[in-house]
Amino acid sequence: MTGILSINDPSQTGGLASYQRQLADALSALGLPGWFGFVQTNACGPTHDVSWKKTKLSSKLPWHILRRIFYKLAPRPALHGALESLAGNAWSESSFQGAISGTGQLHFVGTGWDFMGLAAARLAKKKGMRFTIWPAVHPGDWGDDRIDVRFYRQADAVFCQSDYERNHLAKLGVPESKLIRCGLPPMCRTDGDGPRLRAKLNLADRPTVLFLGRRDVGKGYPALLEAWPLVLQQCPDAVLLLAGPGDADQARLAQIPSKNIRDLGCPSEQEKADAYAACDIFALPSAHESFGIVYVEAWSYGKPVICGTAPASRELVENGVTGVWADQQPQQLAASLLRLLMHPTGRLAMGQAGFAHQQRHYTTAQTVACHLKAWNIASPN
């Protein structure tokens, strides 16, 4: 069996939770069983079904107390050994409620700051199980602190979503032999209905750009809102379709005519798929990404993409072939949007190239094969 561990309940919304569910479903389809272990459930509660049994892990000290201690001491490398002991004692074998019986490998989704992973690493070593990590590092922003690197060095394998991430961790001292590049397949539904959403939002055949992500500076949301009035000067019928959590930013939205914007809020999985199918261009000009799964999802619907300055995204998106690079300077971002909006034939060709790229390199079968190789498991198929 495989145990997939993380701080948060895998049935909830989010990219890492989706990754866990999809991996479990794919392993189940191959006849390979497993279980989920987690610590906390967000206040909003579970939102997705899971195929494996879930085990909520109870620590010997209350979670909020452990987190306070850990966050205070983690920036001090001299205390990292003590923190490992604290984590190991807080989540001893009994915390797993017997779930580890028959388990051959523990796979932790998170970083060293998600300190339950330190306990999992210790338990795996004690039990002779392989131990792997999916950290989703945002180089220079998240997942590459000294406690993180110390944690990664204890794994049998660390999955990296880009060569940039792999090289970054190697420079920080994680042995290259442990670092495995592994991309992700689309995690969205495949039955998106573009005409349905266009009819619902009264879009007709107007050119439409989709933003789907957190509404913050890192994802380029404010820059996109500032660029949109510049876009409308040359393409007055264009519509910006917004989706994702965060502050809507009413001050910037007030500068855009209501007829040129539609807001889906936090969409359901079906609405998200419909939005991919309905748009002409997908735009997420983010500065920090560990991979960029939304670009792969947009490609799966044959859409060209606009990515930001995040190195992992620019490794993923080939400028002028599968999409267009942009930064968060409004004039430059507007020019990138207009490059696609004003040339339908060109954007269609980029979308088709993106679809072909996704089909060749980012499929569930490829992702699962990468994991099985790291776990030394021969595929039943």
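Side-chain atoms are counted along with the backbone in the values below, which use heavy atoms only and exclude waters and symmetry mates.
The backbone N or O of Tyr164 lies less than 3.5 Å from a partner atom in the side chain of Glu315, making a donor-acceptor pair. The backbone N or O of Asp193 sits less than 3.5 Å from a side-chain atom of Asp274, completing a donor-acceptor pair.
A side-chain N or O of Thr103 and one of Trp35 form a donor-acceptor pair less than 3.5 Å apart. Side-chain contact of Ser300 with Glu297: a donor-acceptor pair under 3.5 Å is absent, judged by distance alone. Checked by atom type, the side-chain pair Ser6/Asn8 shows no donor-acceptor distance below 3.5 Å. With hydrogens and angles left out, the side-chain atoms of Arg21 and Ser18 include a donor and acceptor closer than 3.5 Å. Side-chain N/O atoms of Gln154 and Glu84 include a donor and acceptor closer than 3.5 Å.
Aromatic ring centres of Trp134 and Phe108 lie farther apart than the 6.0 Å criterion allows. Side-chain rings of Trp113 and Tyr71 approach one another, their centers coming within less than 6.0 Å.
Side-chain contact between Phe36 and Gln20 is present, with heavy atoms from C-beta onward closer than 4.5 Å. The side-chain heavy atoms of Ile306 and Tyr295, taken from C-beta on, include no pair separated by under 4.5 Å. Contact of the Thr2 side chain with the Trp52 side chain is registered, since non-hydrogen atoms from C-beta on lie closer than 4.5 Å. In this structure, Leu66 and Phe115 have side chains that are in contact, with non-hydrogen atoms separated by less than 4.5 Å.
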Please step through ring-ring contact (aromatic ring centres under 6.0 Å, His included) for the pair His107 and Trp375, ending with a clear verdict. CA-CA 9 Å; His107 182 53; Trp375 296 334; 5.5 Å; yes

Could you go step by step and tell me if Val239 and Ile261 meet the side chain to side chain contact (heavy atoms under 4.5 Å, CB included) rule? CA-CA 5 Å; Val239 177; Ile261 202 156; 5.8 Å; no

Please report the C-alpha distance between Lys219 and Glu289 in whole Å, then the side-chain angles of each, then the deciding distance to 0.1 Å, and finally whether the side chain to side chain contact (heavy atoms under 4.5 Å, CB included) criterion is met. CA-CA 9 Å; Lys219 295 294 186 182; Glu289 292 290 342; 2.6 Å; yes

Worked verdict on Arg215 versus Asp263 for salt bridge (Lys or Arg N to Asp or Glu O under 4.0 Å): CA-CA 12 Å; Arg215 305 188 196 206; Asp263 196 327; 2.8 Å; yes

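Partners of Thr309 according to the side chain to side chain donor-acceptor pair (under 3.5 Å) rule, which considers only residues two or more places apart in sequence or in another chain, do not exist here.
Note: Asp249 CG to Leu242 CG = 10.5 Å, rounded to the nearest 0.5 Å.
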